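Bear in mind the structure is a predicted one, so any value in this text is a computation, not a measurement. Below, all heavy atoms of this structure are taken into account, side chains as well, without hydrogens, waters or symmetry copies.
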Amino acid sequence: MEKLLVVSLVIRWLQVDRVNSQVEQNPEALHIQEGENVTMNCSFKTTIDNLQWFRQDSGRGLVLQILILSDEKEKPNGRLRATLDTSTKSGFLFITASQAADTATYFCALD
C-alpha cells in the first residue's frame, strides 16, 4: 500500500519590512504520493543577493536547507535542488523521489 506524503508549503517573507508583499508562493500546499517529485516556487518583486530555503518540522525551529546566491543558477543538496533566475525574479526548490521524512513546512526567504 502506498503511503500518502503530505508536504505543506508555506513561503513567507522573513525580513523585517512586511508592509509590502515581496514574495509570492505557489502552491500553498501539496498532497503527493511517496516517491513523486516536488516543485515549490518562490517569486519575488525586488532585487536580491540570495534566496534561502528553510524547512520546519512540526513543533521545531527553522533549518536552512539551501542558500543560493544571486549569481548562481542552480544548487544541489542531496535530493533537494534549488534554482534561481533573477531576470524573472523566481526561484524553485525541487525534491526528487519524495519520502515520508520530507513532510514539513518549507519557507523561502530573500536577502
Side-chain angles (χ1 to χ4, degrees):
M1 172 186 264
E2 292 183 356
K3 294 180 183 177
L4 179 64
L5 174 66
V6 179
V7 180
S8 175
L9 306 177
V10 180
I11 299 179
R12 297 181 180 166
W13 181 248
L14 295 179
Q15 288 188 333
V16 176
D17 182 10
R18 295 177 185 239
V19 175
N20 296 319
S21 176
Q22 299 294 313
V23 175
E24 293 180 16
Q25 170 267 331
N26 190 8
E28 188 172 312
L30 285 177
H31 297 276
I32 61 170
Q33 295 294 320
E34 191 168 0
E36 290 182 345
N37 295 333
V38 179
T39 302
M40 296 172 244
N41 172 260
C42 182
S43 299
F44 46 94
K45 299 177 181 178
T46 185
T47 303
I48 65 169
D49 292 322
N50 63 64
L51 184 138
Q52 305 142 42
W53 284 98
F54 292 88
R55 170 192 172 126
Q56 185 174 32
D57 293 318
S58 182
R60 300 196 177 240
L62 295 173
V63 177
L64 180 64
Q65 300 297 295
I66 298 179
L67 183 147
I68 186 166
L69 300 174
S70 62
D71 63 348
E72 296 177 305
K73 299 283 186 206
E74 183 173 326
K75 190 163 213 180
N77 181 12
R79 291 181 305 102
L80 277 61
R81 178 174 56 94
T83 62
L84 180 60
D85 186 341
T86 54
S87 66
T88 62
K89 297 188 176 177
S90 62
F92 291 88
L93 178 66
F94 302 94
I95 302 176
T96 303
S98 59
Q99 301 173 359
D102 295 325
T103 301
T105 301
Y106 292 83
F107 299 84
C108 79
L110 311 175
D111 192 17

- Across all chains, not counting sequence neighbours, the side-chain contact (heavy atoms from CB on, under 4.5 Å) partners of Thr88 are Asp85, Ser90

- Query: Distance from Lys75 atom NZ to Leu69 atom CG, nearest 0.5 Å?
  - Reply: 5.5 Å

- Query: Could you state the interatomic distance from CD1 (Ile48) to NZ (Lys89), rounded to the nearest 0.5 Å?
  - Reply: 9.5 Å

- Closest contact, heavy atoms only, Ser98 versus Gln33: OG-O, 3.4 Å

- Task: With rounding to the nearest 0.5 Å, note down the distance linking CG in Leu110 to CG in Asp49.
- Result: 10.0 Å

- Residue pair Trp53 / Ala82: nearest heavy atoms and the distance that separates them: CD1-CB, 4.1 Å

- Message: With no hydrogens and no angle check, just 3.5 Å: does a side-chain donor-acceptor pair link Ser43 and Asn41?
- Response: yes

- Check against side-chain contact (heavy atoms from CB on, under 4.5 Å), Arg81 and Glu74: CA-CA 7 Å; Arg81 178 174 56 94; Glu74 183 173 326; 2.9 Å; yes

- Taken in chain and number order and not counting sequence neighbours, the residues that satisfy side-chain contact (heavy atoms from CB on, under 4.5 Å) with Ser70 are Thr86

- Note on the structure: Value for CZ (Phe94) from CD1 (Ile66), rounded to nearest 0.5 Å, stands at 10.5 Å

- Item | With Asp57 via side chain to side chain donor-acceptor pair (under 3.5 Å) - residues at least two apart | Arg55

- Find the distance between OG1 (Thr105) and CD (Gln56) and round it off to the nearest 0.5 Å. 6.0 Å

- Are Phe92 and Phe44 co-members of a hydrophobic cluster defined by side-chain heavy atoms under 4.5 Å apart? no

- Shared hydrophobic cluster, Ile95 / Ile32 (ILVMFWY, side-chain heavy atoms < 4.5 Å): yes

- Message: Run Arg79 and Asp102 through side-chain contact (heavy atoms from CB on, under 4.5 Å) and show every step you take.
- Response: CA-CA 10 Å; Arg79 291 181 305 102; Asp102 295 325; 2.8 Å; yes

- Query: Could you state the interatomic distance from CG (Leu84) to SG (Cys42), rounded to the nearest 0.5 Å?
  - Reply: 9.0 Å

- Task: List for me each residue that meets side-chain contact (heavy atoms from CB on, under 4.5 Å) alongside Gln52, sequence neighbours excluded, and say none if there are none.
- Result: Asn50, Phe54, Leu64, Leu67, Ala109, Asp111

